[in-house]
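This chain uses plain numbering: 1 for the first residue, then up along the sequence. As the structure is a computational prediction, the values presented were derived from the model and not from experiment.
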Amino acid sequence: MSTHSNHPFHLVDYSPWPLTGAIGAMTMVSGLVKWFHQFNPSLLILGTIITILTMYQWWRDISREGTFQGLHSYPVTIGLRWGMILFIVSEVFFFVSFFWAFFHSSLSPAIELGATWPPMGIVPFNPFQVPLLNTAILLASGVTVTWAHHSLMEGNHSQTTQGLFFTVLLGVYFSILQGYEYIEAPFTIADSVYGSTFYMATGFHGLHVLIGTTFLMVCLARHLNNHFSSTHHFGFEAAAWYWHFVDIVWLFLYVSIYWWGG
């Protein structure tokens with residue numbers, strides 16, 4: 001079959017990864033339910049392994065298409081940019097729902113909450129301890145990922161490596177601190193609407209930090225394998241956009257939930 005095409009667009013080949021990704025996601029969610037109710041994590045571990053293997057192989061295929069096969073032409077890259085922009089917009093509205101729930105309950109606390117916010121019996125976090133440190137970490141990571149991006153555009157391989165490495169390191173450090181914060185928390189997700197909105201908003205943000213850190217680790221590996229050039233590096237740009245989005249969401253979380261809401 002001829003591989004020649006008379007158009008600049010990329011028609012993707014048949015791929016098993018959407019199917020295996022869906023199976024992995026379904027297995028993970030089913031495993032979470034099983035873990036919560038039966039305290040057995042075996043199905044969750046299986047779903048996680050399927051999802052990680054799918055991520056690796058799907059990213060491998062996309063990297064091959066864009067780097068070695070030359071299929072990511074300018075029109076394709078424009079489509080990828082719009083796809084990433086629309087994805088981030090959808091993520092914005094995802095977090096808007098959590099902020100909506102938080103402000104709905106905090107601006108007019110119900111009588112069942114003692115008509116106060118935080119509700120009676122809830123001891124909130126001190127916003128000037130670990131949350132402030134996490135804010136500084138994410139702001140610093142925004143600086144390092146911008147440093148890496150500008151270094152890449154200038155063709156400076158070593159500084160791009162350093163900037164990406166420090167960004168990944170800061171992302172891992174943030175996740176460790178947030179895990180420590182959860183372990184030491186004086187309230188749980190079951191403690192009224194305060195606990196529910198707090199853990200849903202900060203927990204999903206933490207998940208996005210883990211995803212963004214993984215995204216940047218893939219970019220670091222690709223950069224070390226010389227997949228990026230100064231003019232052709234949308235994979236890295238998409239990761240940087242996503243990371244800046246994660247930073248901005250955290251600033252809103254910090255100001256509204258930790259500082260004002262506490």
Side-chain angles (χ1 to χ4, degrees), residues 8 10 55-56 58-95 133-178 204-255:
H10 174 210
M55 286 165 55
Y56 172 78
W58 206 341
W59 256 320
R60 178 206 62 191
D61 287 357
I62 293 171
S63 299
R64 183 190 295 135
E65 291 165 0
T67 306
F68 303 114
Q69 295 178 305
L71 297 173
H72 288 182
S73 60
Y74 181 72
V76 174
T77 306
I78 292 296
L80 292 172
R81 288 175 183 275
W82 275 109
M84 192 66 196
I85 289 168
L86 292 173
F87 170 68
I88 291 174
V89 168
S90 74
E91 292 280 75
V92 168
F93 283 99
F94 178 75
F95 278 99
L133 175 58
N134 268 344
T135 303
I137 289 167
L138 275 190
L139 289 176
S141 72
V143 173
T144 54
V145 78
T146 304
W147 167 34
H149 190 196
H150 282 271
S151 299
L152 182 57
M153 288 191 292
E154 292 169 5
N156 192 324
H157 189 276
S158 62
Q159 287 205 15
T160 305
T161 303
Q162 293 169 34
L164 267 173
F165 173 76
F166 284 120
T167 308
V168 169
L169 199 65
L170 289 167
V172 171
Y173 187 31
F174 176 93
S175 297
I176 291 170
L177 283 176
Q178 190 165 35
F204 269 110
H205 177 267
L207 177 63
H208 282 70
V209 170
L210 290 172
I211 293 168
T213 304
T214 308
F215 203 171
L216 289 165
M217 286 173 67
V218 171
C219 288
L220 178 58
R222 292 189 65 195
H223 174 66
L224 292 173
N225 284 300
N226 298 308
H227 285 192
F228 299 135
S229 71
S230 58
T231 57
H232 192 82
H233 53 262
F234 177 69
F236 174 77
E237 274 189 296
W241 291 356
Y242 188 82
W243 196 251
H244 287 308
F245 158 73
V246 168
D247 286 352
I248 292 167
V249 169
W250 175 259
L251 289 177
F252 279 99
L253 280 172
Y254 176 73
V255 171

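Remark: the Gln178 side chain and the His205 side chain contain no N/O donor-acceptor pair separated by less than 3.5 Å.
Residues satisfying the side-chain contact (heavy atoms from CB on, under 4.5 Å) test with Ser151, not counting sequence neighbours, are Trp147, Asn156, Gln159, Thr160.
The OG atom of Ser63 sits 6.0 Å away from the NE2 atom of His227 when rounded to the nearest 0.5 Å. Atom CZ of Phe87 is separated from atom CZ of Phe245 by 7.5 Å, given to the nearest 0.5 angstrom. With rounding to the nearest 0.5 Å, the separation of OG1 in Thr213 from CG in Leu169 is 10.0 Å. If you take CG on Leu253 and OG1 on Thr135, they are separated by 9.5 Å, rounding to the nearest 0.5 Å. With rounding to the nearest 0.5 Å, the separation of NE2 in His72 from CZ in Phe234 is 10.0 Å. A distance of 10.0 Å separates NE2 of His244 from CD1 of Ile88, quoted to the nearest 0.5 Å.
The shortest heavy-atom contact between Cys219 and Gly235 is SG-O, 3.6 Å. Taking both residues in full, the closest heavy atoms of Trp243 and Ser141 are given as NE1-OG, 2.8 Å, listed atom of the first, atom of the second, then distance. Counting all heavy atoms, side chain and backbone alike, Ala238 lies closest to Met84 at O-CE, 3.5 Å. Summarising the geometry of Gly155 relative to Ser230, their closest heavy-atom pair is N-CB, 4.4 Å, with the distance given to 0.1 Å.
Remark: the backbone N or O of Val145 is paired with a side-chain donor or acceptor of Thr167 at under 3.5 angstrom. Listed for the His149 side chain is no donor-acceptor partner under 3.5 Å among the backbone atoms of Phe236.
Under a cut-off of 6.0 angstrom, the local environment of CE in Met217 is sparse, with at most 12 non-hydrogen atoms contributed by other residues, nucleotides or ligands. The 12-atom threshold is not exceeded at OH of Tyr173, counting heavy atoms of other residues, nucleotides or ligands nearer than 6.0 Å. Within a 6.0 Å sphere centred on OH of Tyr56, heavy atoms belonging to other residues, nucleotides or ligands number 12 at most.
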Q) side-chain contact (heavy atoms from CB on, under 4.5 Å) between His232 and Thr67: does it pass, once the steps are laid out? A) CA-CA 9 Å; His232 192 82; Thr67 306; over 6 Å; no
Q | Stepwise ring-ring contact (aromatic ring centres under 6.0 Å, His included) check, Phe252 with Phe95 | A | CA-CA 10 Å; Phe252 279 99; Phe95 278 99; over 10 Å; no
Q: Quick one: do Asn134 and Tyr254 satisfy side-chain contact (heavy atoms from CB on, under 4.5 Å)? Show the steps, please.
A: CA-CA 9 Å; Asn134 268 344; Tyr254 176 73; over 6 Å; no
Q. When you look at His223 and Phe165, which way does the side-chain contact (heavy atoms from CB on, under 4.5 Å) test go after all the steps?
A. CA-CA 11 Å; His223 174 66; Phe165 173 76; over 6 Å; no
Q | Step-by-step side-chain contact (heavy atoms from CB on, under 4.5 Å) determination, Trp59 to Thr214 | A | CA-CA 11 Å; Trp59 256 320; Thr214 308; 4.2 Å; yes
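Ring-plane geometry between His233 and Phe228 is classed as perpendicular, the angle between the planes exceeding 60 degrees on a 0 to 90 degree scale with a lower cut at 30. Between His208 and Phe204, the ring-plane angle classifies as perpendicular under the 30° and 60° cut-offs. In this pair, Trp250 and Phe174 present their aromatic rings perpendicular. The plane angle is above 60°, beyond the 30 to 60° band.
At a threshold of 4.5 Å between non-hydrogen side-chain atoms, the residues Leu138 and Leu170 do not count as touching. Residues Tyr242 and Leu216 form no side-chain contact, since every pair of their non-hydrogen atoms from C-beta on lies 4.5 Å or further apart. Within the 4.5 Å cutoff, no side-chain heavy atoms of Leu251 are placed close to those of Asp247.
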